[in-house]
Amino acid sequence: DVKVTQSSRYLVKRTGEKVFLECVQDMDHENMFWYRQDPGLGLRLIYFSYDVKMKEKGDIPEGYSVSREKKERFSLILESASTNQTSMYLCASSSPTSGAVTYEQYFGPGTRLTVT
Amino acid sequence: QQQVKQSPQSLIVQKGGISIINCAYENTAFDYFPWYQQFPGKGPALLIAIRPDVSEKKEGRFTISFNKSAKQFSLHIMDSQPGDSATYFCAAQNRGSQGNLIFGKGTKLSVKP
């Protein structure tokens, strides 16, 4: 069964801390994504990666960085956490469906991060 | 032009009724339109999807209607059930984007018993 796991369901950090959110997928997918979800704003793409050691900025990359050293693992880093980064963070992975060019994204359960 | 506009933001429907959620887009390069369903405490999961070469796709009680000329697509949930209560996101994929989806802002559906 397809699985995307995230290291923590709930996380509380202090302003200025460096925060690591980990995501692991077991589907051998090439593509991985980090989103944040806020009420009324939907899913906003932070960063994505099409391959190991490769990254692309999404719509809201400011204050975040990512790392993809292995195909199955994609890390989101908050260099210096701020209160406006309090949010739900969702990781996803995808690969093209066979014979087509559509990509189903599989999501993890999310990490609810609170920065105080 | 990369946006997908979704409405309404929230929807309350009686059990057995029809739930309708609408989305609109501008970019004619979009070539894949999925709908995702998210229950509280879970990540979104693919519900149903359509390509622009068909006008309708039905899977059980869920139907996507697609109007290419109007650049609009909608999700219809027939015989809505309390178990359908969730947040629904429409999305669109740009041709050649390698799977990067543009999501609508979501619709919170509540089905009352």
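Because the structure is a prediction, the values reported are computed rather than measured.
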Residue part contacting chain A, namely of B/Pro44, when any heavy atom lies under 4.5 Å: both
Interchain contact, B/Gln38 with chain A, by part (heavy-atom threshold 4.5 Å): side chain
Does any pair with a residue in residues 71-89 of chain B pass salt bridge (charged side-chain N to carboxylate O under 4.0 Å, His left out), and if so which ones, sequence neighbours excluded? B/Glu26-B/Lys71, B/Arg61-B/Asp84
Applying side-chain contact (heavy atoms from CB on, under 4.5 Å), run through A/Trp34 and A/Cys23 and close with a yes or a no. CA-CA 9 Å; A/Trp34 274 107; A/Cys23 175; 3.6 Å; yes
Interface moiety of A/Arg112 toward chain B, non-hydrogen atoms closer than 4.5 Å: neither
State whether A/Lys53 and A/Asp51 are salt-bridged, where the test is any N-O pair (Lys NZ or Arg NE/NH1/NH2 against Asp/Glu carboxylate O) under 4.0 Å. no
Contact winner vs chain A - B/Pro34, B/Gly106, B/Gly41, heavy-atom pairs under 4.5 Å: B/Gly41
Scanning both residues in full, the closest heavy-atom pair of B/Gln37 with B/Ala86 reads CG-CB, 4.0 Å
Which atoms of A/Gln6 come close to chain B, meaning under 4.5 Å heavy atom to heavy atom: side chain ones, backbone ones, both, or neither? neither
Quick check on A/Leu90 against chain B: is it the side chain, the backbone, both or neither that has a heavy atom closer than 4.5 Å? side chain
Run the salt-bridge test on B/Glu56 and B/Lys58 with the 4.0 Å N-O cut-off and return the result as yes or no. no
